[in-house]
Amino acid sequence: MPAPDAEPLRAAVLDWFGRHARDLPWRSADCSAWGVLVSEVMLQQTPVVRVEPAWRAWMARWPEPADLAAASPADVLRAWDRLGYPRRALRLQECARAVVERHGGVVPAGAAELLALPGVGPYTAAAVQAFAFGRRSVVLDTNVRRVLARAVQGAALPAPSQTAAEVRLAEALVPADDATAARWSAASMELGALVCTARSPRCEECPIAGMCAWRAAGRPVDEHAGRRRTQAWAGTDRQVRGKVMALLREALGPVPAEAVEAVWPERAQLERCVESLLVDGLMVRVPGADDDQPPVYRLP
DNA sequence: AATGCGGGGGT
DNA sequence: ACCCCAGCATT
């Protein structure tokens with residue numbers, strides 16, 4: 001299964017990348033390693049088009065780890081705005097503080113040091129090594145997984161969860177030298193993002209259509225279809241938490257309990273969500289002045 | 001290995 | 001309506 005024709009495949013993708021790579025700000029030659037790390041955390045489950053303006057504003061406001069480390073969490077959460085999963089914003093600030101405390105304010109280049117940072121997992125650590133430091137690493141995100149599933153494995157889509165076999169395959173395809181490996185990582189991701197897309201792939205524009213196992217097999221349907229149930233959204237705790245966070249972000253000051261309760265009619269669910277937001281450190285409860293006065297809530 | 005965790009845009 | 005998006009932390 002490890003593609004016998006790895007070299008032509010890599011060459012075609014790298015050549016295509018040279019002509020079609022997007023001009024994203026975190027790819028700029030003068031972007032700092034911290035800028036790359038910030039972009040990667042923002043891009044964890046949030047599309048590029050929504051991250052780009054947020055990243056520009058964020059980096060203008062807090063250009064160095066020490067700047068973000070010194071900010072108030074409330075400001076951080078407001079600047080995060082609607083990027084989603086606001087716990088990531090808190091982790092990014094914890095990450096900034098860890099970089100300052102453990103590494104003197106300089107983003108580390110080693111895999112172990114990167115993985116030890118809050119909010120940094122296998123993907124992000126590999127991405128920072130490649131894109132910030134030009135080092136060889138195995139960058140295996142949803143885009144690369146899909147490209148490899150189709151081109152090499154002949155499947156419509158990768159398995160719901162990442163397998164060890166996928167990591168081995170990806171590893172086998174990464175070029176040996178640092179510079180080419182880093183460029184391959186960006187190129188294979190970009191191909192998945194722009195051409196080999198999940199929904200309606202543009203095979204007619206694909207530089208490796210001629211060597212694609214999925215296309216050669218007649219583009220069979222997804223074998224995991226039906227087993228991919230999406231998480232419901234309407235009425236979930238995630239939706240309720242999102243409403244509470246939106247209220248707190250937009251408020252100028254502390255919010256009365258009554259206003260928090262107004263965002264959702266089901267009392268028990270709202271209480272559960274408020275408690276979880278408190279546990280997550282995404283909000284703070286300030287007791288009322290009197291014992292029988294209701295509390296107020298604010299961002300941390 | 002499974003779950004929980006936002007929010008918006010494309011199809 | 002449904003699906004997807006440069007995942008991570010926790011259980």
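Computation of the quantities below employed the complete heavy-atom set of this structure, encompassing side-chain atoms and omitting hydrogens, waters and symmetry-equivalent molecules. Just so we're on the same page: letters track the sequence lines, and every chain starts at 1.
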dG6(B) versus dC5(C) - spacing of their C1' atoms, nearest Å:
12 Å
Between side-chain atoms of residues 117-132 of chain A and protein atoms elsewhere (two or more places apart, or another chain), which donor-acceptor pairs fall under 3.5 Å?
residue, atom, partner, partner atom, Å
Y123(A), OH, E40(A), OE1, 2.7
T124(A), OG1, Q44(A), NE2, 2.9
Q129(A), NE2, A125(A), O, 3.3

Note to self: Taking donor-acceptor contacts at under 3.5 Å, does the side chain of R50(A) reach the base of dG9(B)?
What the structure shows: no
Out of dA6(C), dG4(B), dG7(C), minimum distance to the side chain of R27(A) belongs to dA6(C)
For residues 186-195 of chain A, tabulate all N or O donor-acceptor pairs below 3.5 Å that involve a side-chain atom, not counting sequence neighbours.
residue, atom, partner, partner atom, Å
S188(A), OG, W184(A), O, 2.9
S188(A), OG, S185(A), O, 3.3
E190(A), OE1, R22(A), NE, 3.3
E190(A), OE1, R22(A), NH2, 2.8
E190(A), OE1, R27(A), NH2, 2.9
E190(A), OE2, R22(A), N, 2.8
E190(A), OE2, R22(A), NE, 3.0
E190(A), OE2, R27(A), NH1, 3.0

Categorize W80(A) for me: base, sugar-phosphate, or nothing, with a 4.0 angstrom heavy-atom threshold over every strand shown. nothing
Is a donor-acceptor contact shorter than 3.5 angstrom present between the side chain of T46(A) and the base of dG6(B)? yes
Inset, instruction - May I ask you to say what L24(A) touches in the nucleic acid, namely base, sugar-phosphate or nothing, with a heavy-atom cut-off under 4.0 Å? - result: base
D75(A) with R61(A): basic N within carboxylate O range, under 4.0 Å
yes
Annotated structure of DNA chain B as dot-bracket, pair cut-off 3.5 Å, Watson-Crick or G-U only, | for inter-strand, is |||||.|||||
Check: protein-nucleotides 9-11 of chain C nitrogen or oxygen pairs below 3.5 Å:
residue, atom, partner, partner atom, Å
dA9(C), OP1, G119(A), N, 2.8

- Message: Whether the side chain of R102(A) engages the backbone of P108(A) through a donor-acceptor N/O pair (distance < 3.5 Å, no angle test) should be reported.
- Response: no
### Query
Under 4.0 Å between a side-chain N/O of T124(A) and OP1 or OP2 of dG7(C), yes or no?
no
* Within the structure, does a side-chain N or O atom of R87(A) lie under 4.0 Å from either OP1 or OP2 of dG4(B)? -> no
- [ ] Check every strand shown and say whether R272(A) touches a base, only sugar-phosphate, or nothing at a heavy-atom separation below 4.0 Å.
- [x] nothing
By nearest-heavy-atom nucleotide on DNA chain C, the more 5' of R199(A) and D141(A) is R199(A)
For this session: Quick one: label T197(A) by what it contacts on the DNA or RNA (base, sugar-phosphate, nothing), any heavy atom closer than 4.0 Å.
Result: nothing
Taking R241(A) for its side chain and V274(A) for its backbone only, find out whether a donor-acceptor pair lies under 3.5 Å. no
Is the closest side-chain donor-acceptor distance between E64(A) and W34(A) under 3.5 Å?
-> no
Distance-only criterion, 3.5 Å: show the donor-acceptor pairs between side-chain atoms of residues 287-300 of chain A and protein atoms not counting sequence neighbours.
residue, atom, partner, partner atom, Å
Y297(A), OH, R285(A), NH1, 3.2

Notebook entry, point to check: Hey, is the side chain of R238(A) pairing donor to acceptor with the base of dG6(B) inside 3.5 Å?
Noted result: yes
Walking DNA chain B from its 5' end, the first of Q162(A) and D237(A) to be reached, judged by nearest nucleotide, is Q162(A)
In whole angstroms, the gap separating P of dG8(B) from CE of M245(A) amounts to 14 Å
Practice item. Give a yes or no on this: more than 12 heavy atoms of other residues, nucleotides or ligands lie within 6.0 Å of atom CD of E258(A). Key: no
Donor-acceptor check, side chain of Q269(A) to backbone of G235(A), threshold 3.5 angstrom: yes or no?
yes
How far, in whole Å, is dG10(B) from dA6(C) if one measures between their P atoms? 13 Å
In whole angstroms, the gap separating P of dC5(C) from CG of L140(A) amounts to 13 Å
In whole angstroms, the gap separating P of dA6(C) from CD of E52(A) amounts to 13 Å
DNA chain B nearest-nucleotide lookup for R82(A) and S276(A): closer to the 5′ end is S276(A)
Taking only side-chain N and O atoms of R88(A), does any of them lie within less than 4.0 angstrom of OP1 or OP2 on dC5(C)? no
Exercise for the section: Look at all strands and tell whether A127(A) reaches a base, only sugar-phosphate, or nothing, counting heavy atoms closer than 4.0 Å. Expected result: nothing
From CD of E190(A) across to C1' of dC5(C) the rounded distance in Å is 14 Å
- Given the rule that I, L, V, M, F, W and Y join up when any side-chain heavy atoms are under 4.5 Å apart, are V144(A) and M211(A) in one cluster? yes
When rounded to whole Å, the CG to C1' distance for the pair D222(A) and dC3(C) reads 12 Å
Taken in chain and number order and not counting sequence neighbours, the residues that satisfy salt bridge (charged side-chain N to carboxylate O under 4.0 Å, His left out) with R168(A) are none
Rounded to whole Å, the OH-P distance (Y85(A) to dG7(C)) equals 11 Å
Heavy-atom nearest nucleotide on DNA chain C taken for Q45(A) and for A198(A); more 5' hit belongs to A198(A)
Report task. Would you mind classifying the nucleic acid contact of R22(A) as base, sugar-phosphate or nothing, using non-hydrogen atoms under 4.0 angstrom? Result -> base
Whole-Å distance, R241(A) CZ to dG4(B) C1', equals 9 Å
Between CE of M42(A) and P of dC8(C) the distance, given in whole Å, is 16 Å
